Structure formats: C-alpha cells, structure tokens
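Numbering of ligands and ligand atoms starts at 1, following listing order. The structure displayed is predicted, hence computed values, not measured ones.
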Amino acid sequence: MTAAMDDTARLDADAPAGAAAPLPSRDTRKADFEAGKLRKRLRRQVGEAIGDFGLIAPGDRVMACLSGGKDSYALLDILLSLKDRAPFDFEVIAVNLDQKQPGFPADVLPRYLASRGVPFRIETQDTYSTVKRLIPDGGTMCSLCSRLRRGVLYRVAGEIGATKIALGHHRDDILATFFLNLFFGGKLKTMPPKLVSDDGKHVVIRPLAYVRERDLARYAGLMDFPIIPCNLCGSQEHLQRRQVTTMLREWEKKHPGRIESISRGIATVVPSHLMDRALFDFAAVRATGRAEPGGDIAFDVDDGIERAVDAAASLPGIAVRHR
Ligand code: SF4
C-alpha cells in the first residue's frame, strides 16, 4: 500500500452497495452468476488501483470516457458499482465523442446510458473527415484520430468541471505500450495509471491498470454490452502495435507467469541496476564496507512467480520452459 492510500481510502469491493447495477435480465442464471463473480474481481482490482495510485479522491467528478468498446463499458460499469460502495462521495459522468465515422450508431450509447441512469454527455465533432483529409489512403489513422479525440475530450472535461478523466486502458494495453516504447522508442516508459494531460490542465486516470484484457472481453460478453466496433472508419491497428500484442499473447500461452512477472516488473523499478544517470548517481557509488543485499545480483527470481510457474507446469497439457 502506498502513501496515496492515505488520502484516497481503498475502495472496498466487497462492501454492501446501496444500489447495485442490475445484471442483464436474460434467463441465463449461469451467465449472471459468472458475471457477478467476475464483476467482484474487477471491482477488487479497480479498487486496488484506485487506492495504490490515488486515482480518485473525495469530491472528485470523474469523467468516464466511453467509446462504445468493451473496455470503456466495463470501466463505466465498475466505476458506478464502486461509487455505490465507496467510503467517500464522488461523481461519475459518462462522455462519448461521436466522431462521425461512417455507420456509427448514434442511438446506442444514449439509450444504454439512459437505461443505466447515468448522467452523460454526447459530444459530436467530425474528426473523421479531418483525419481522412490529412492521412493518405491506406495509412494508419489511429494516432491522429486519438490525438484529436483527446483534444475534444479535454475541452469537454473543462466544460463539465471534471476533476479526473478516466480512460479504459487495461493492463495489456499498458504492457503493449511498454514494449512499443522499448522496441521502437528506446525508452522504458508506458501509459501510467495517473498522469497530467498534455495541456497540463487535467488529471488522466486509468482505473483498469490491473485488469486483464481477457477478463474485460469475458465481462462484456456476460453483461451483453451493446458494443460499437472501433474500425468503422476502416483503419487498421498500427503494425508495430499489432506485432507487440501478438507477441504478448503468444508469451501468455507458452509461458504462463511471464506477463504477470512483467506487470510486477514495471511496478518494481531498481534505478541502481539500470543505466539512467538521471535516476541514479553512479559517479557517487563507493564501497560501503558492509554487505549489500541487492548488491551485484543482476537477476532476481521472484519466488511467487516461480511457484506460479511450477504450479502451471504441473497442469496436464501445459509446457513451461524454465530459465
Ligand atoms: S480505428 Fe478508426 S476510430 Fe478507432 S482510433 Fe483508429 S482511426 Fe480512430
């Protein structure tokens, strides 16, 4: 638990709720049971991220950005669910930007949000035409599209008095971005759970930072969210991001425990054992005359992860390669 926990109490995922959001009313008791179980886990993970990184504080007005994809639906759903259980008050307002992609079903989100009783705002701005005009045919439009979308969302956040802008990026987005930066950008960095926006005016948060993408996909299916695809514009995901995502999926399949290890790794940085002179004063290193526990051990084995790998290796049909 970090210092951030002191000013924003950890949200208790198991506390009784005043008004729990309804599960879908399909006659599928098993699916409802599974959704309830999964929702509990997602609530716990989101509550932990909120506590660990001080994402939400008493009195916050959280703008939940809703694209119509599975991640943002889950983000909104879990935030609403936590709001009912939180030991302090905060508001959630859903915001969607209708970018005028061809075929965008403009009625879907307002209908869903009204049915959930969530305050919301739909902002309409034709960023699609701008992107089409500026990016040559066949080019990847996502970077410019996201940048324009971000600008509009920041403006809306100011207009509605939001104190936090919540985005639906999850653990696997964070890991993919980490490797994109490492492989193609020459930097150890990723999308953090909390940061100041480009314009310096807003605090952006990622409450799904601990949540696996496959759990979000399963939850979206169980909850029957009315998903709107993000490829209506016909754009393809950037090739490098696709490669990295595929690499991570293959690792997950072939080497159980590796993704978990990397996730822990980006939260456990050891500046004295990297090479960034801005983070650690190597020039000042002197012999201390006493034993240094972490001294010149370059490769630490995490016992918890080792045990998980061993446990996975003992399951039938799973091949695990040890280091
Ligand atoms: S897929 Fe289309 S709508 Fe989605 S981010 Fe890329 S360009 Fe924008």
Side-chain angles (χ1 to χ4, degrees), residues 63-76 94-113 120-157 165-181 183-185 189-192 195 197-199 202 204-209 211 213-214 216-217 219-221 225-249:
M63 173 173 131
C65 298
L66 189 63
S67 65
K70 67 183 190 322
D71 307 334
S72 61
Y73 272 117
L75 170 74
L76 176 67
V95 171
N96 166 257
L97 171 61
D98 177 352
Q99 298 177 271
K100 289 287 158 209
Q101 293 109 326
F104 182 78
D107 56 319
V108 169
L109 287 170
R111 204 176 327 121
Y112 172 79
L113 292 165
F120 68 90
R121 170 157 163 185
I122 307 288
E123 180 72 13
T124 302
Q125 194 160 328
D126 185 359
T127 58
Y128 172 76
S129 302
T130 310
V131 174
K132 279 302 258 188
R133 203 173 57 244
L134 296 176
I135 304 285
D137 273 354
T140 301
M141 306 193 294
C142 298
S143 302
L144 178 61
C145 174
S146 318
R147 184 163 294 203
L148 294 175
R149 181 165 52 215
R150 215 154 52 212
V152 178
L153 290 173
Y154 289 171
R155 173 177 57 74
V156 173
I165 300 176
L167 302 178
H169 297 118
H170 45 69
R171 182 199 72 173
D172 300 270
D173 287 327
I174 290 174
L175 291 186
T177 306
F178 173 77
F179 282 105
L180 276 173
N181 276 302
F183 292 166
F184 306 105
K189 65 173 253 187
T190 184
M191 300 189 289
L195 84 166
S197 60
D198 306 350
D199 62 5
H202 304 282
V204 175
I205 58 172
R206 296 190 168 93
L208 302 181
V211 179
E213 180 172 20
R214 75 177 130 124
L216 293 169
Y219 191 59
F225 292 139
I227 304 288
I228 303 172
C230 182
N231 56 1
L232 294 169
C233 58
S235 181
Q236 295 290 323
E237 202 181 18
H238 202 278
L239 179 64
Q240 289 165 334
R241 184 169 282 278
R242 229 171 29 228
Q243 284 172 340
V244 167
T245 306
T246 307
M247 176 192 82
L248 289 171
R249 286 206 181 120

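Electrostatic pairing of D98 and K100 counts as a salt bridge here, judged by a charged N lying under 4.0 Å from a carboxylate O.
Note that CE of M247 is 4.0 Å distant from CZ of F183, once rounded to the nearest 0.5 Å.
Between L66 and F120 the shortest side-chain heavy-atom distance does not fall below 4.5 Å.
In terms of the ring-ring contact (aromatic ring centres under 6.0 Å, His included) criterion, Y128 has no residue partners (sequence neighbours excluded).
Although no hydrogens or angles enter the test, the distance criterion places a donor-acceptor pair under 3.5 Å between the side chain of R206 and the main chain of P192. Formation of a donor-acceptor pair under 3.5 Å by the T127 side chain with backbone atoms of R149 is not found in this model.
Using a 4.0 Å cut-off to heavy atoms of R149, the atoms of ligand 1 that qualify are 5 (S).
Protein contacts to atom 2 (Fe) of ligand 1 involving N, O or S atoms at a distance below 2.8 Å are C233 SG.
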